[in-house]
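Side-chain atoms are counted along with the backbone in the values below, which use heavy atoms only and exclude waters and symmetry mates.
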Amino acid sequence: MTRIFDRCLYVHYGQAYVLSNAQEPAELSACFQGQTNGLCGAAISDILFLITGLHTGHVRLSIDVLDAPPPLDQAWEEVVEVPFVINGEGVSLYDWNGECVCEIPLSIGTYRVRYCVRDMDRGKDVDTILEEEEPVDFYHLAFWPADLLPDVILKQTSEIAAYWHEYAKSLF
C-alpha cells in the first residue's frame, strides 16, 4: 500500500475532484448519469466527482494507491466503489477552487476506486467550518487496477448519502 495523501482538503458546495488528462470538472449530473451511487461520480472517463457532507471548509481526506482491493473497513459509514478509466497522463486531486492539491501516481488504464466516508451527516449539519477549526467529516479514496465493473453501494447509513444516491438513480 502506498499512502499518497492524508490531510485536509478544501471543499465548497460539498465538491472536490480527481482529474486526469488535463480535464476540467464536468457538470454534476453528467458525472453521475447512469450510476446507482451519488457520492463518487465516475460516468465520464478521466473524472471523479466527489461529494462531501460539509458544504464549505476543510474535510479530512486520505488517498491510497494499491495493487489489489483492500479489505472492507467497517469503521467507514458510507462505502461506494466505481470504475475509473484513465486515458491520459497526469492524475491529480483538485479542490473546489481548481487548485491541484496532489498528484496521484496512476498511469493510463482501468481502475477500481473505493470512496469511504465517516460523519457525513455531521458535516451536512455543521455546513461550514472556518479554516482554523478541525474537520468534522472524513473521507478516503483507494485506487487499484481492475476490470471495468459497474458502480456499487457497499454501505450506506447516513441521510445525506441516501439523498445523493437517490439523486444519482433519478438520472437514469
Side-chain angles (χ1 to χ4, degrees), residues 1-5 9 11 13-21 23-53 59-96 101-118 120 123 137-158 160-172:
M1 173 180 84
T2 303
R3 171 116 334 144
I4 61 152
F5 186 82
L9 171 71
V11 299
Y13 294 102
Q15 301 173 12
Y17 320 95
V18 173
L19 306 170
S20 72
N21 200 21
Q23 288 285 52
E24 293 289 325
E27 290 294 318
L28 176 109
S29 60
C31 292
F32 289 92
Q33 181 74 44
Q35 292 192 179
T36 57
N37 101 82
L39 301 182
C40 185
I44 300 173
S45 296
D46 297 308
I47 298 173
L48 293 178
F49 195 115
L50 308 176
I51 297 290
T52 66
V59 299
R60 186 72 182 201
L61 174 71
S62 58
I63 301 175
D64 292 334
V65 175
L66 310 168
D67 294 326
L72 191 58
D73 183 345
Q74 293 302 317
W76 295 105
E77 298 164 349
E78 318 300 328
V79 182
V80 300
E81 287 185 3
V82 298
F84 186 40
V85 178
I86 300 172
N87 293 311
E89 300 295 332
V91 180
S92 299
L93 172 67
Y94 289 85
D95 68 12
W96 187 83
V101 177
C102 81
E103 293 183 12
I104 303 172
L106 298 171
S107 56
I108 294 171
T110 60
Y111 295 84
R112 194 75 175 160
V113 179
R114 185 176 295 162
Y115 186 46
C116 304
V117 182
R118 191 172 62 247
M120 192 171 202
D137 47 349
F138 304 86
Y139 300 84
H140 177 74
L141 282 170
F143 296 84
W144 64 92
D147 294 332
L148 291 179
L149 295 170
D151 74 304
V152 63
I153 301 167
L154 297 176
K155 188 176 181 184
Q156 185 263 305
T157 64
S158 72
I160 191 64
Y163 167 84
W164 284 110
H165 295 325
E166 287 304 312
Y167 168 77
K169 290 174 190 172
S170 77
L171 299 173
F172 272 99

May I ask you to say whether E77 pairs ionically with R118, meaning some side-chain N is under 4.0 Å from a carboxylate O?
-> no

Do you know which two heavy atoms are closest between Y115 and C40, and how far apart they sit?
-> CD2-CB, 3.8 Å

Output all residues satisfying side chain to side chain contact (heavy atoms under 4.5 Å, CB included) with A43, sequence neighbours left out; order by chain, then residue number.
-> Q35

Output yes when a side-chain donor or acceptor of T110 lies under 3.5 Å from a complementary backbone atom of A146, and no otherwise.
-> yes

When rounded to the nearest 0.5 Å, the distance separating CH2 of W76 from OH of Y139 is 9.5 Å

Between P83 and L149, is any pair of side-chain heavy atoms under 4.5 Å apart?
-> no

side-chain contact (heavy atoms from CB on, under 4.5 Å) evaluation trace for V101 with L61 | CA-CA 11 Å; V101 177; L61 174 71; over 6 Å; no

Any L141 side-chain heavy atom under 4.5 Å of V113 side chain | yes

Check V82, L39, V80 against D151 for a side chain to side chain contact (heavy atoms under 4.5 Å, CB included) and give me the one that passes.
-> V82

Nearest-0.5 Å distance that lies between atom OG1 in T52 and atom CG in D137 | 6.0 Å

Would you check, one step at a time, whether the test side-chain contact (heavy atoms from CB on, under 4.5 Å) holds for V152 with L154?
-> CA-CA 6 Å; V152 63; L154 297 176; 3.9 Å; yes

Step by step, would you call M120 with I51 a side-chain contact (heavy atoms from CB on, under 4.5 Å)?
-> CA-CA 10 Å; M120 192 171 202; I51 297 290; 4.1 Å; yes

Are the side chains of P105 and I4 in touch, meaning some heavy atoms are under 4.5 Å apart?
-> yes

Taking all atoms of both residues into account, what is the closest heavy-atom pair of F49 and A26, and its distance?
-> CE1-O, 3.5 Å

What are the two closest non-hydrogen atoms of S45 and N87, and how far apart are they?
-> CB-ND2, 3.2 Å

Under 3.5 Å, side chain of R114 to main-chain N/O of P69, donor-acceptor pair present?
-> no

Atom pair CD1 (I63) and CG (L9), whose distance is rounded to the nearest 0.5 Å = 8.0 Å

Where the side chain of H165 meets the backbone of G38, is there a donor-acceptor pair that is under 3.5 Å apart?
-> yes

Locate the shortest heavy-atom distance separating Y111 from S107; write the atom from each residue and the value.
-> OH-O, 3.0 Å

Go through the structure and list residues passing ring-ring contact (aromatic ring centres under 6.0 Å, His included) with Y13, not counting sequence neighbours.
-> H55, W96

Show your reasoning for whether side-chain contact (heavy atoms from CB on, under 4.5 Å) applies to F143 and V91.
-> CA-CA 12 Å; F143 296 84; V91 180; 5.6 Å; no

Hits for side chain to side chain contact (heavy atoms under 4.5 Å, CB included) against P71, two or more places apart or cross-chain, chain-then-number order -> none

Quick one: OH on Y167 to CG on N37, what's the gap to the nearest 0.5 Å?
-> 12.5 Å

Do you know the tightest heavy-atom contact between L66 and P145?
-> O-CD, 3.4 Å

Nearest atoms (heavy-atom pairs only) where D67 meets W144 | C-CB, 4.2 Å

Polar side-chain atom of Q33 near backbone of L171 as donor-acceptor pair, under 3.5 Å | yes

Separation between CG (L48) and OH (Y17), nearest 0.5 Å, reads 12.5 Å

Indicate whether the side chain of E78 and that of S158 have a donor and an acceptor atom separated by less than 3.5 Å.
-> yes

Measure the spacing between CG of D95 and SG of C102 and express it to the nearest 0.5 Å.
-> 11.0 Å

Considering only heavy atoms from C-beta outward, does the side chain of D46 approach that of I86 to under 4.5 Å?
-> yes

